[in-house]
Protein chains: 2
Amino acid sequence: MSNFEVFFDYIQNLSRKMLSADDKQVFMAHLKPKKLLKRQYFLQEGDICKYTGFIVKGAAKTFTVDEKGNEHILKLSVENWWLADFESYYHLTPSRYNIAALEDMEILQVTNAQVEEFFAPIPAFTAMQEVIKQNYAIANQKRVHAAISYTAEERYEDLINNYPHFLKRFPQNMIASYLGISPETLSRIRKNTLK
Amino acid sequence: MSNFEVFFDYIQNLSRKMLSADDKQVFMAHLKPKKLLKRQYFLQEGDICKYTGFIVKGAAKTFTVDEKGNEHILKLSVENWWLADFESYYHLTPSRYNIAALEDMEILQVTNAQVEEFFAPIPAFTAMQEVIKQNYAIANQKRVHAAISYTAEERYEDLINNYPHFLKRFPQNMIASYLGISPETLSRIRKNTLK
DNA sequence: CGTTTGAATTGACATTTATCAAGCATATTT
DNA sequence: AAATATGCTTGATAAATGTCAATTCAAACG
């Protein structure tokens with residue numbers, strides 16, 4: 001399956017509106033296939049996120065580095081998600097976050113100006129956009145709830161239930177950062193829950 | 001200014017599309033003015049959130065109660081926001097949260113079925129909906145970032161900067177719950193930062 | 001094939017935050 | 001006005017989590 005076929009499938013899964021052959025041409029004309037190497041940056045803190053990229057293959061982290069040099073992973077993104085800092089992308093403000101590839105990646109990249117001009121008129125696309133905004137809002141709401149209500153151990157169990165594939169795919173120290181705890185604490189939690 | 005005028009102002013602030021006189025009639029026909037007394041529940045954990053309400057006056061909390069009886073406040077909602085659990089409202093699944101009035105409230109209430117049937121065709125309304133989903137997603141993203149990266153004290157300072165009016169309006173123990181810390185810890189943080 | 005690098009684990013200890021209990025002030029109810 | 005509930009503060013202590021350092025292990029690399 002080609003990159004674009006993956007994308008068309010994705011969009012049809014999230015939206016009831018059908019994509020016409022013309023619509024597909026529009027996407028193929030403006031979505032630019034791009035490769036990112038492991039460790040390559042998609043976005044640097046302070047820059048405006050002018051591009052968004054549909055992830056066909058690979059994974060990335062959205063993160064900050066604090067004054068002590070510690071990394072905090074806000075988001076882990078995998079196939080069939082979008083690579084972007086929504087805040088910067090929609091508000092056109094400098095981003096607080098970095099985005100970097102964790103594996104070699106293939107994405108379909110487009111600028112927000114192109115989206116507005118060429119994709120906005122496509123009903124299936126706007127419907128998809130609404131769904132992803134909605135789902136992202138809900139996912140973050142759940143994560144806020146977990147953060148203010150759960151212990152570190154409960155948040156880890158939550159992750160096991162909701163994103164089990166993350167555990168197989170990403171090293172433990174990244175999972176710890178994503179959960180907002182130190183790698184040592186996560187290691188000890190795992191040791192305890194084995195029993 | 002009448003309840004509806006407040007609402008029309010709100011919608012025109014968030015959307016470029018103009019509301020016609022007919023549009024306004026549609027809203028007035030289906031948005032039902034309702035009063036909630038302080039402590040009254042708008043939504044109970046386990047119920048499906050079939051209604052949403054535009055807050056004309058008053059404030060509410062969205063919260064859970066854990067097995068120890070501790071309350072965790074996920075969200076504090078005030079004028080010109082919507083009263084609802086988005087997750088339950090959009091997915092039609094039982095809600096994990098309770099929503100209760102913190103003050104006597106006036107809201108404009110509507111069912112999601114009515115929204116779909118009568119409001120969805122109004123461009124200014126759908127544009128507004130996109131904006132609020134987007135803003136809610138971004139606000140929650142920021143809160144997740146704060147939760148995983150900041151200490152309790154830093155989260156409190158963050159709140160002072162971003163929602164100073166919350167501090168005047170809500171008691172300190174609710175603020176603490178919203179920040180995910182105990183009331184005693186917040187009291188001590190305030191004592192220390194006075195210096 | 002050996003070397004190097006990064007991740008995970010473990011122990012000792014420090015720090016942050018929670019918990020429990022008491023006292024005080026203030027608001028609310030009757 | 002008295003009685004009651006509620007919120008805030010403070011101290012003593014406990015529990016959770018972080019930090020630092022050392023070690024092991026395995027993957028990655030030349």
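Predicted model, so just to flag it, every value in this text is computed and none were measured. Each chain gets a letter, A, B and so on, in the order its sequence line appears, and its residues count up from 1.
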Report task. Could you tell me whether A:Ile181 contacts a base, only the sugar-phosphate backbone, or nothing, with contacts defined as non-hydrogen atoms closer than 4.0 Å? Result -> sugar-phosphate
Report task. State the CD-CG distance between A:Gln172 and A:Leu167, to the nearest 0.5 angstrom. Result -> 9.0 Å
**Report entry** Opening and closing nucleotides of DNA chain D in contact with chain B, under 4.0 Å to non-hydrogen atoms
**Finding:** D:dG7 to D:dA12
Query - Within 45° cone and under 6.0 Å: B:Arg169 NZ/CZ vs B:Tyr163 ring - result: no
Requested in this report: Report the distance from atom CG of A:Asn192 to atom P of C:dT9, rounded to the nearest whole Å.
Outcome: 12 Å
Query raised in the report: Do NZ/NE/NH1/NH2 and the carboxylate oxygens of B:Glu87 and B:Lys75 come within less than 4.0 Å?
Result: no
Query raised in the report: Does A:Asn173 have a side-chain nitrogen or oxygen under 4.0 Å from the phosphate oxygens OP1 or OP2 of C:dG6?
Result: no
Requested in this report: Tell me which of B:Glu153 and A:Thr185 sits closer to the 5' end of DNA chain C, going by the nucleotide each one is nearest to.
Outcome: A:Thr185
Query raised in the report: B:Ser182 pairs by side chain to side chain contact (heavy atoms under 4.5 Å, CB included) with which of B:Leu186, B:Thr185, B:Leu179?
Result: B:Thr185
Query raised in the report: Does a nitrogen or oxygen in the side chain of A:Lys191 sit under 4.0 Å from OP1 or OP2 of C:dT9?
Result: no
Query - First encountered from the 5' end of DNA chain D, between A:Arg188 and B:Glu184 - result: B:Glu184
Query raised in the report: To the nearest 0.5 Å, what is the distance between OG (B:Ser95) and CZ (B:Phe86)?
Result: 12.5 Å
Query raised in the report: DNA chain C: B:Arg155 or A:Pro183, which has the more 5' nearest nucleotide?
Result: A:Pro183
